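What follows is a single structure, written as structure tokens, with notes after it.
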Amino acid sequence: MGEKIAVLPKATAKRLPLYLRYLKMLNDSGVKRIKSNEFSQITQVPSASIRRDFSYLGELGRSGYGYEVPYLIEVFDRILKTEEEKRIALVGYGNLGKALKHNNFRRNENLNIVCVFDNDPKIVNQEIDGQFIYPIEQFGEIVKKEKVTVAISTVPSKHSQSAIDEIVKGGVSAILNFAPDRVIVPKHVNIQYIDLTTELQTLIFFNEKYSEVFL
């Protein structure tokens, strides 16, 4: 099986982390081989789309045999791992923000949260747990100084739009938003949403419906 990475369509690139997450869940459950129709049941992505997505990466499997789960994990891990440092701004220093900052992507040393912002007068312009908290009004100035290219927002939904507006105004066009409600951004801005409730429900569904299917 050979790996030949082509230019990926945006829709395919967005699905790769989803595939990797479920492949790791399968691998942890002892599943070493899977067919596209089986993987489709788990990911809720049509099997034809899965085969097409995989084809962009080379000959990853064999017709009638399926795909080796550990090999797919190796390929996707390599594709998704960035070799260049990505400097990240964190907006929102509540419980979730603190957890993200303290973890700071330990599994990938090239992803680094280098500055933190909030609008709470009780914590801005202070150092908390060794981290200085900047007021959100200084976002553009600080991210330029720190060479930030990515922002993470943990601001609750009711304040999410104003936080995202500040991020966009500051010149950052790659945003990960932990508020599930959609916000309005210019076309050049790439924004991804993470809904922890939906993620948990997906995990429970996977565990209840498919934990025994491939064992």
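Hydrogens, waters and symmetry mates play no part in the numbers below; they use all other heavy atoms, side chains included. Since we're looking at a predicted model, the values are computed, not measured.
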What heavy-atom pair brings [X] and [Y] nearest, and what distance separates the two atoms?
X: Ala89; Y: Val143; answer: CB-CG1, 4.0 Å
X: Ala179; Y: Pro156; answer: CB-C, 4.3 Å
X: Ala151; Y: Ile167; answer: CB-CG2, 3.7 Å
X: Ile142; Y: Cys115; answer: CG2-CB, 4.0 Å
X: Ile164; Y: Ser153; answer: CD1-CB, 4.0 Å

Once rounded to the nearest 0.5 Å, what's the spacing between atom [atom1] of [X] and atom [atom2] of [Y]?
X: Glu146; Y: Ile113; atom1: CD; atom2: CD1; answer: 13.0 Å
X: Leu57; Y: Leu16; atom1: CG; atom2: CG; answer: 6.0 Å
X: Leu96; Y: Ile152; atom1: CG; atom2: CD1; answer: 9.0 Å
X: Leu72; Y: Ile34; atom1: CG; atom2: CD1; answer: 9.0 Å

If you measure only the distance, is there a donor-acceptor pair under 3.5 Å linking the side chains of [X] and [Y]?
X: Asn112; Y: Lys86; value: no
X: Gln41; Y: Asn37; value: no
X: Asp181; Y: Ser160; value: no

Less than 4.5 Å apart, any side-chain heavy atom of [X] and any of [Y]?
X: Asn27; Y: Lys32; result: yes
X: Ser162; Y: Glu166; result: no
X: Val150; Y: Ile175; result: no

Acceptor/donor pairs from residues 183-191 side chains to any protein atom, 3.5 angstrom cut, sequence neighbours excluded:
| residue | atom | partner | partner atom | Å |
| --- | --- | --- | --- | --- |
| Asn190 | OD1 | Lys10 | NZ | 3.0 |

Ring centers of Phe39, Tyr67 separated by less than 6.0 Å
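Not under 6.0 Å, so no.
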Member of Val114, Val148, Thr154, Asp118 meeting the side-chain contact (heavy atoms from CB on, under 4.5 Å) criterion with Leu90
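Going through the options one by one, the only one that passes is Thr154.
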For Asn95, is the CG atom crowded, meaning more than 12 foreign heavy atoms sit under 6.0 Å from it?
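No - once you tally the heavy atoms of other residues, nucleotides and ligands closer than 6.0 Å, there are 12 at most.
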Flag yes if more than 12 heavy atoms outside Lys145 fall under 6.0 Å of its NZ atom; otherwise flag no.
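Not buried by this count: 12 neighbours or fewer within 6.0 Å.
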Side-chain donor-acceptor contacts of residues 125-140 below 3.5 Å, not counting sequence neighbours, with atom names and distances?
| residue | atom | partner | partner atom | Å |
| --- | --- | --- | --- | --- |
| Gln126 | NE2 | Lys122 | O | 2.6 |
| Gln131 | OE1 | Lys101 | NZ | 3.3 |

